[in-house]
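Inspection log for the structure reproduced underneath, given as structure tokens.
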Amino acid sequence: MTYGGHDPMRIEGEEYIRRLKEDGVVAKVSLYPQAIHGFFLMAGELDAGKKCIDEVATTLRNAFNSTPTGSSVKSVPRSTPRN
């Protein structure tokens, strides 16, 4: 999740997502342009926080429901270290 305004971690977050996708991990960036830092912790007061919590919950619910029972999650080793 990234937010509008001055998000000091936005570039790093988007780079992290890019690297996850390169490694075959299903990932996405959600930008909340009108939000402020920590907005998801203010879900009781901010609509963007409520939307963010709902988005995360739905994504996790869908991921858990699509994993077959008895399967195990396996990590994919990196072929070369990144700096």
Side-chain angles (χ1 to χ4, degrees):
M1 304 296 170
T2 60
Y3 61 92
H6 181 67
D7 180 355
M9 298 299 292
R10 182 173 176 181
I11 293 170
E12 289 87 347
E14 291 172 356
E15 174 66 13
Y16 180 58
I17 292 296
R18 185 186 65 74
R19 288 183 177 190
L20 286 172
K21 287 180 176 183
E22 284 178 0
D23 288 343
V25 177
V26 177
K28 76 173 204 171
V29 173
S30 293
L31 173 62
Y32 289 81
Q34 303 301 318
I36 60 172
H37 181 76
F39 71 98
F40 61 92
L41 297 174
M42 300 176 221
E45 301 295 324
L46 300 176
D47 289 338
K50 292 173 192 169
K51 182 179 175 187
C52 180
I53 298 284
D54 288 344
E55 181 181 357
V56 170
T58 299
T59 301
L60 288 171
R61 188 178 308 109
N62 291 341
F64 292 141
N65 287 336
S66 67
T67 304
T69 306
S71 70
S72 62
V73 177
K74 297 177 183 161
S75 63
V76 178
R78 290 181 180 261
S79 56
T80 58
R82 292 195 172 114
N83 295 329

- [ ] For Lys28 and Ser30, run side chain to side chain contact (heavy atoms under 4.5 Å, CB included): C-alpha distance rounded to whole Å, both residues' side-chain angles, the deciding distance at 0.1 Å, then the answer.
- [x] CA-CA 7 Å; Lys28 76 173 204 171; Ser30 293; 3.2 Å; yes

Task: From CA spacing to verdict: side chain to side chain contact (heavy atoms under 4.5 Å, CB included), Val56, Met1 - done: CA-CA 9 Å; Val56 170; Met1 304 296 170; 3.3 Å; yes

Task: CA sep, side-chain torsions, deciding dist, call: Glu14, Arg10, salt bridge (Lys or Arg N to Asp or Glu O under 4.0 Å) - done: CA-CA 6 Å; Glu14 291 172 356; Arg10 182 173 176 181; 3.2 Å; yes

Task: From CA spacing to verdict: salt bridge (Lys or Arg N to Asp or Glu O under 4.0 Å), Arg19, Glu15 - done: CA-CA 6 Å; Arg19 288 183 177 190; Glu15 174 66 13; 3.1 Å; yes

- [ ] Would you check, one step at a time, whether the test side chain to side chain contact (heavy atoms under 4.5 Å, CB included) holds for Ile17 with Leu20?
- [x] CA-CA 5 Å; Ile17 292 296; Leu20 286 172; 4.3 Å; yes

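Here the straight-line distance linking atom OH of Tyr32 with atom CG of Asp7 works out to 13.5 Å at 0.5 Å rounding. Going from atom CD1 of Ile36 over to atom CE of Met42 covers 4.0 Å, rounded to the nearest 0.5 Å. Here the straight-line distance linking atom CD of Gln34 with atom CZ of Phe39 works out to 11.5 Å at 0.5 Å rounding.
We find that Lys51 and Asp54 are not joined by a salt bridge, their nearest charged nitrogen and carboxylate oxygen being 4.0 Å or further apart.
Linking ILVMFWY side-chain heavy atoms closer than 4.5 Å, directly or via other members, places Met9 and Val29 in two distinct hydrophobic clusters.
Closest non-hydrogen pair, Cys52 versus Phe40, comes out as SG-CB, 3.8 Å. Here the shortest heavy-atom pairing between Ile53 and Ala43 reads CG1-CB, 3.9 Å. Scanning all heavy atoms of the two residues, the minimum distance from Ala35 to Tyr3 falls at O-CD1, 3.7 Å.
By the neighbour-count criterion of 12 heavy atoms within 6.0 Å, atom CD1 of Ile11 is sparsely surrounded, having that number or fewer from other residues, nucleotides or ligands.
A donor-acceptor pair under 3.5 Å is absent between the side-chain atoms of Thr58 and the main chain of Glu55, judged by distance alone.
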